[in-house]
Amino acid sequence: MEKKLLKRMPVGIQTYEKIISGDYLYIDKTEYIWNMIHLSNYIILSRPRRFGKSLLCSTLQAYFEGRKELFEGTFIGCVEKEWMEYPVLRFDMSIGKHMEKEQLERYLLNILEDNERRFGVSADYPDPNVRLKNLISNVYEKTGKKVVIIIDEYDAPLLDVVHEETMLPVLRNVMRNFYSPLKASDPYLQFVFLTGITKFSQLSIFSELNNLKNISMRPDYAAVCGITVEEMLAQMSDYIDEFAERRQITRDDAIMQLKHQYDGYRFTWPSPGIFNPYSLLNAFQDYQFTNYWFSSGTPTYLVEMLRKFNVKPSDISCMEAQSSEFDAPTEGMVSIIPLLYQSGYITIKDCEPDADIYTLDIPNQEVRIGLMKSLLPLYTTTMAGRGMTMAAKMSLAMRKEDIEGALKLLQAYLLTVPYCDNANSEGHYQQILYIVFSLLGQVNGLEVEVHTPTGRVDMVLKTPKNLYLFELKLNKSAGAAMNQIDLKDYKSKFALCCLPIVKVGINFDSEKRTIGEWRINRE
């Protein structure tokens, strides 16, 4: 039987025309575009990086430019009867990072010049906001048609200084001035669309644009970016089969593992589970379960903000918050939750609508491993590479349920770690254990400070074959730790877990800065 020829994966391609003309796979999102342009003339959408925002902008541009031939077979291609052509001004702010005030102003002038050349407009105004206002009015006069403005990654120049009290207000003022003509130019504008990662307050960035419609948390736009399970099963079924064949696993196992690795994002409630498209497409192309999203860049501002707010790694799981807490403006944050949510490191897992209480957690295995890999140096003051090698070896040991071997590896690793100022606390070592066990791919569940009727278990680790109860001590003894597990009868809380229980008492030695001794009892 002749093997079916599949379309190429559009990995890294953010131009709609190139995907369609090159006969790449395209997941049709044009119904969302159709709904957007009939919802409001001013729309903003926030989504994490690598989620297809730039492709959405490119698709909008092709539609408003009247490129009917590119939409054959899509939703818009079927419903649009009057194809109109509008002049489109598109601004990509993603390159405007790591810049001082003068550099940013020069960059804004440069992208304005690019658009001026496209439409034969000449101007020499030194101020970007005046230049933008002039560009809009001149394009309108030259073409006789209202102008469409698409701004991709509107917040990019601000992201790397979001933790800086001095630079953030300066650059935010530059961007506010740049965007200020949009309100006054309303008579000349057909449609304005902005994308970003974080949410800055309307007052601080779009001070006069009070008609800006934010669709980021609207359920009807939950899947405007990303790939749903239903889309994967319907439009990528052949790719799943090929992936399973290459991996020598069943189709069902392939789907389950892909979901575990890349699925789980929800940006509103209710919402289907959303795959990170960048990671999913790369996985199908390479036939691998690699952590693509994190390997494409870990933002330094995230680690800096976690440090600023003194957030422990174990704090990031199972947060509860109201929507006003996590969908809040990034500047003036009183907690790390808005930045974690808007950047894609935590997502909505559950909701109690009547109380407006959301449960937020790390979306999938890819993000968990990447995040913990980034946080490991904060606790070991060493390069993450050595720690990841140790974690990989521990993972092999835990696949054999060899907790003794895993602890020996961790003990040896910690002996190589330089001195840490906070290495004299039990909590420090608890967080190291949490990070390391989070890096083990086969872990099904990991919790710290688990409440029982008689106390709190320091850490609970669930693997496919066992449930491990850890009690940690500092400068005492493994026997004291084991006695506490027995005395408080921690295991009774987990009697219905249907897994053998393994009790692990560990004593850390602050002088040697590693595990001093441990005891393991299997029920």
Side-chain angles (χ1 to χ4, degrees), residues 1-34 47-63 65-80 83 222-265 272-296 364-366:
M1 183 177 175
E2 186 176 349
K3 189 173 182 179
K4 186 175 181 180
L5 185 63
L6 302 180
K7 290 186 176 183
R8 290 178 292 173
M9 284 290 165
V11 174
I13 301 177
Q14 302 174 345
T15 306
Y16 178 72
E17 178 184 8
K18 186 173 182 179
I19 290 177
I20 300 303
S21 300
D23 200 31
Y24 289 89
L25 175 71
Y26 175 66
I27 305 298
D28 188 5
K29 299 289 184 178
T30 61
E31 183 175 0
Y32 294 103
I33 290 177
W34 178 261
R47 286 292 185 269
R49 62 186 178 87
R50 295 291 193 178
F51 251 83
K53 299 188 300 294
S54 296
L55 176 58
L56 185 64
C57 288
S58 177
T59 311
L60 265 169
Q61 179 176 355
Y63 169 75
E65 289 177 343
R67 306 288 302 277
K68 179 180 178 180
E69 73 281 2
L70 297 178
F71 292 89
E72 184 178 348
T74 66
F75 179 87
I76 276 186
C78 296
V79 299
E80 181 60 86
W83 286 87
V224 63
C225 288
I227 298 173
T228 67
V229 174
E230 291 74 17
E231 287 171 333
M232 183 183 76
L233 295 177
Q235 302 182 52
M236 308 175 81
S237 181
D238 292 331
Y239 297 90
I240 298 172
D241 291 335
E242 184 173 63
F243 184 87
E245 182 181 339
R246 290 291 191 102
R247 298 288 302 179
Q248 296 184 331
I249 57 179
T250 68
R251 176 184 169 91
D252 287 344
D253 282 343
I255 294 171
M256 180 185 68
Q257 292 181 43
L258 287 167
K259 290 175 67 175
H260 178 67
Q261 186 76 2
Y262 307 120
D263 188 16
Y265 295 91
I274 307 291
F275 282 90
N276 181 315
Y278 179 78
S279 298
L280 186 62
L281 294 180
N282 268 289
F284 280 134
Q285 185 180 69
D286 298 342
Y287 312 106
Q288 297 290 335
F289 291 108
T290 303
N291 298 321
Y292 295 102
W293 190 60
F294 254 88
S295 65
S296 69
N364 52 47
Q365 181 75 354
E366 177 186 34

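Residue numbers start at 1 and run along the sequence shown.
- Across every non-hydrogen atom of T290 and Y262, the tightest pair is O-OH, 2.7 Å.
- For the atom pair Q365 CD and Q257 CD, the distance stands at 11.0 Å (nearest 0.5 Å).
- In terms of the ring pair (Phe, Tyr, Trp, His ring centres under 6.0 Å) criterion, residue partners of F243 (sequence neighbours excluded) are, by chain and number, F284, F289.
- Residues that satisfy the side-chain contact (heavy atoms from CB on, under 4.5 Å) test with I20, not counting sequence neighbours, are Y16, Y26, L70.
- Contact between G22 and R8 at its shortest, heavy atoms only, is O-NH2, 3.0 Å.
- The two residues W83 and G77 make their nearest non-hydrogen contact at CZ2-CA, 4.3 Å.
- Legend: residues meeting side-chain contact (heavy atoms from CB on, under 4.5 Å) with N364, ordered by chain and number and at least two apart, are Y265, E366, V367.
- Side-chain atoms of R49 come within 3.5 Å of backbone atoms of W293 as a donor-acceptor pair (strictly under, hydrogens ignored).
- Side-chain contact between L56 and Y32 is absent, with no heavy-atom pair separated by less than 4.5 Å.
- When all heavy atoms of A222 and I274 are compared, the closest pair comes out as O-CD1, 3.9 Å.
- Proximity of N282 to Q285: side-chain heavy atoms (C-beta onward) are separated by under 4.5 Å at one or more points.
- Under the 3.5 Å distance criterion, the side-chain polar atoms of T74 are left unmatched by any main-chain donor or acceptor of D28.
- Without hydrogens or angle criteria, K259 side chain to F275 main chain gives no donor-acceptor distance under 3.5 Å.
- Counting only heavy atoms from C-beta outward, the side chains of Q235 and E230 never approach each other to under 4.5 Å.
- Between I19 atom CD1 and K7 atom NZ the span is 11.0 Å, to the nearest 0.5 Å.
- Taking the side-chain contact (heavy atoms from CB on, under 4.5 Å) definition, one finds that E65 meets it with Q61, R67, V88, R118, sequence neighbours left out.
- With 3.5 Å as the limit, one finds no donor-acceptor pair spanning the side chains of E245 and Y287.
- Between Y239 and L25, the closest side-chain pair of non-hydrogen atoms falls below 4.5 Å.
- Here the closest non-hydrogen pair linking A244 and A254 is CB-CB, 3.9 Å.
- Distance CD/E72 to SG/C78: 9.5 Å, rounded to 0.5 Å.
- Listed for the R47 side chain is no donor-acceptor partner under 3.5 Å among the backbone atoms of V224.
- Contact record, I33 with L60: CG2-CD2, 3.6 Å, taken as the closest heavy-atom pair.
- Two residues are said to be in side-chain contact when any heavy atoms from C-beta on lie closer than 4.5 Å; L280 and M236 meet this criterion.
- The salt bridge (Lys or Arg N to Asp or Glu O under 4.0 Å) analysis of residues 231-240, with sequence neighbours excluded, yields the pairs K4-D238, K29-E231.
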Practice problem: Take E80 and Y63 through the side-chain contact (heavy atoms from CB on, under 4.5 Å) test and state the conclusion after the steps. | Solution: CA-CA 10 Å; E80 181 60 86; Y63 169 75; 2.4 Å; yes

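- Every side-chain contact (heavy atoms from CB on, under 4.5 Å) that R251 has, sequence neighbours left out, goes to L233, S237, I240, D241, I255.
- Checking side-chain atoms of T59 against main-chain N and O of L55 turns up a donor-acceptor pair under 3.5 Å.
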